[in-house]
Amino acid sequence: MAYTFRMPIKVRFAPSPTGYLSLGNARTALFNWLFARHEGGEFLLRIEDTDKERSKKEYEESIIEELRWLGITWDGDLERQSERLPVYERYLKRLLGENRAYFCFCTPEELEAERQAQLSQGLQPKYSGKCGTIPRDVAEKRAKLEKHVIRFRMPSHEISFTDLIRGRVTFDLDLIGDIIIAKGFQEPLYNFAVVVDDEEMSITHVIRGEDHLSNTPRQVAMQEALGFRVPVYAHLPLILGFDRKKLSKRYLDASLKDFRAQGYLPEALLNFMALLGWHPTVDKEVVSISEMVSDFSFKKVQRGGAVFNPEKLEWLNAYYIKNLPADILAERMADFIPSAWLQEKEKLKKVLAVEKERLKHLSDFEQLASFFFTLPEYDPAFLIWRGSSKMIAADNLSFLANVVRGIPNHELWSKEAVEKYVMSVAEKRGRGEVLWPLRVALSGREASPGPIEILYILGKEESLARVETALKKLGSAR
RNA sequence: GGCCUCAUCGUCUAGCCCGGUCCAGGACAUCGCCCUUUCACGGCGGUAACAUGGGUUCGAAUCCCAUUGAGGCUACCA
């Protein structure tokens, strides 16, 4: 019973709160969201917290926070599997009643021994199914007294399902043993809980990572046993580390939380994640959210895994920063700079306007722009242009100071005026000879934006003071 | 080991479904040049790939098969 009629598309993102939101999971969320928005369908969020030991509220909150930060919004209320226990119990009892599932009393030790024995004989490890032969009334009595799990009686036929990215995929169920679907009525396990929830929530398309491809036949088998509808699947290629292995939680910096803390923009991350596996119809690298939504299609999703390329992410981030207006950038910068800088809003905006093309991350800004707020200590030798001398540097600086001081009051302190006066001196006395010492005097740095820009931002008074400081340094260095 | 999936520049990819327009296009990275007072931005250019072997065909990156390689799964995790 597949979804054959045209019905409203419904997808879900189902993270388990056992860690922070990873890049891979975030991309899964994005693709689900893009598909839903493209189709005018619904996108649901379901927290898969059936693993009581590993699930943490802190992770759940963090995942939600990162999704909001990315702008991936879900429809309806968030669902938690831990709050749906009675639903699973109902289906568990049904399966048990129909003899499609049974109680198993084997201990983990027994199971492990059995497994090892099979492995050593070169056999496919698979549960023997021995508890499945215990008469039902006996098993039910034992279940009241003994520790047990519930196993699904796996059929042995072939199963195939449709994957929008891979086509038709076929598995032989005979190779899979009777899997454990619950540790008890109150403790459903992943494969079972997913099947129940997807049915109950009328999920039409299951879009998830390729690591779940091998789980799919188990799930389809249960859907068949329960008379559920079989959703359409789409298994996304995995995001890999540079070692070509699945990028997992052990790479700490691959969590969205960390990317955010490092000063990545959500739009850059979104753009980057979309391109990791998907490609727009027209070949381009910078794609806006609305373009992604209107252009999204599984036909343009890659099949092979994709290695995470941090340099390209950086490039995109730098690109987005560069193209953001200074006033918006100033707001985004709030968490990354001293609060004192925020007080001087106008100055901050000007600084941002000239420094933004040098930023790869928002967090680069504080270090890069600090000299605008406090002149750093620096070596007087920096003031001397290559092949020049202290005398020339000092002479040019003091001459320049006089010129700046003399910018007539009727001319506003504008960038144009500053440029006009400074350049006239620079043209006469040599660009390097004039501009280099001035730039160092104003910034105290070997590398910085141009002196005219700095002069303009710093203002007449502060600039003159810094030139005086430079002159003193040159004098004392003599 | 078994099962499943995948395979174009170092990396992300276009092209593949509907073979010829591909001695394979773009982007990141890298190298060189230009712009330039420094750093950056920007501009121009270069190096660099159809995994291998068989078919099919007048013709294959494109279709088929095999091999090889890579990844995923093989939990009382998800």
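Chain identifiers are assigned alphabetically (A, B, ...) following the order of the sequence lines, protein sequences preceding nucleic acid strands; residue numbering begins at 1 within each chain. Values reported hereafter were calculated over all heavy atoms of this structure, with side chains retained and with hydrogens, waters and symmetry mates removed.
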With the criterion being N/O to N/O and under 3.5 Å, what pairs connect the protein with nucleotides 26-29 of chain B, and how long is each?
{"from": "A27(B)", "atom 1": "O4'", "to": "Glu285(A)", "atom 2": "OE2", "distance (Å)": "3.0"}
{"from": "A27(B)", "atom 1": "O2'", "to": "Lys312(A)", "atom 2": "NZ", "distance (Å)": "3.3"}
{"from": "A27(B)", "atom 1": "N3", "to": "Lys312(A)", "atom 2": "NZ", "distance (Å)": "3.2"}
{"from": "C28(B)", "atom 1": "OP1", "to": "Trp315(A)", "atom 2": "NE1", "distance (Å)": "3.3"}
{"from": "C28(B)", "atom 1": "O2'", "to": "Lys312(A)", "atom 2": "N", "distance (Å)": "3.4"}

query = What are the residues of residues 150-168 of chain A, sorted by number, that bring a heavy atom to within less than 4.0 Å of RNA chain B?
reply = Arg166(A)
query = When you check the phosphate oxygens OP1 and OP2 of G15(B), does a side-chain N or O of Lys300(A) lie under 4.0 Å from one of them?
reply = yes
message = Can you see if the side chain of Gln302(A) gets near the phosphate of A14(B) - specifically, an N or O under 4.0 Å from OP1 or OP2?
response = yes
Donor-acceptor contact present, side-chain Asn32(A) to main-chain Ile207(A), <3.5 Å = yes
ask   = Can you say whether the rings of Phe298(A) and Phe296(A) are parallel (under 30°), tilted (30 to 60°) or perpendicular (over 60°)?
value = perpendicular
Members of residues 205-219 of chain A that approach RNA chain B, where some heavy atom sits under 4.0 Å away = Glu210(A), Asp211(A), His212(A), Leu213(A), Ser214(A), Asn215(A), Arg218(A)
Between protein and nucleic acid, restricted to nucleotides 47-51 of chain B and to nitrogen or oxygen atoms under 3.5 Å apart, what atom pairs and distances do you find?
none

task = Would you mind building the protein contact string for nucleotides 62-67 of chain B? One character per nucleotide, 5' to 3', B for base within reach (heavy atoms under 4.0 Å), S for sugar-phosphate only, - for untouched.
result = ------
request  = List the protein contact pattern of nucleotides 30-40 of chain B with one symbol per nucleotide (5' to 3'): B for base contact, S for sugar-phosphate-only contact, - for none; contact means a heavy-atom distance under 4.0 Å.
outcome  = ------SBBBB
query = So what does Tyr190(A) touch, heavy atoms closer than 4.0 Å: a base, only the sugar-phosphate, or nothing?
reply = base
message = Which nucleotide, if any, forms a Watson-Crick or G-U wobble pair with A48(B), using both distances under 3.5 Å?
response = none
key: Polar side-chain contact Arg54(A)-C77(B) base: donor and acceptor under 3.5 Å   = yes
request  = May I ask which nucleotide in the shown strands pairs with C76(B), Watson-Crick or G-U wobble, both distances under 3.5 Å?
outcome  = none
task = Determine which nucleotide pairs with U36(B), using a 3.5 Å limit on both distances of a Watson-Crick or G-U wobble pair.
result = none
ask   = What distance do Leu435(A) atom CG and Ile452(A) atom CD1 have between them, rounded to the nearest 0.5 Å?
value = 6.0 Å
ask   = How is Leu189(A) classified with respect to the nucleic acid when contacts are heavy atoms under 4.0 Å: base, sugar-phosphate, or nothing?
value = sugar-phosphate
ask   = Across all strands shown, which nucleotide pairs with C28(B) by Watson-Crick or G-U wobble geometry, both distances under 3.5 Å?
value = G10(B)
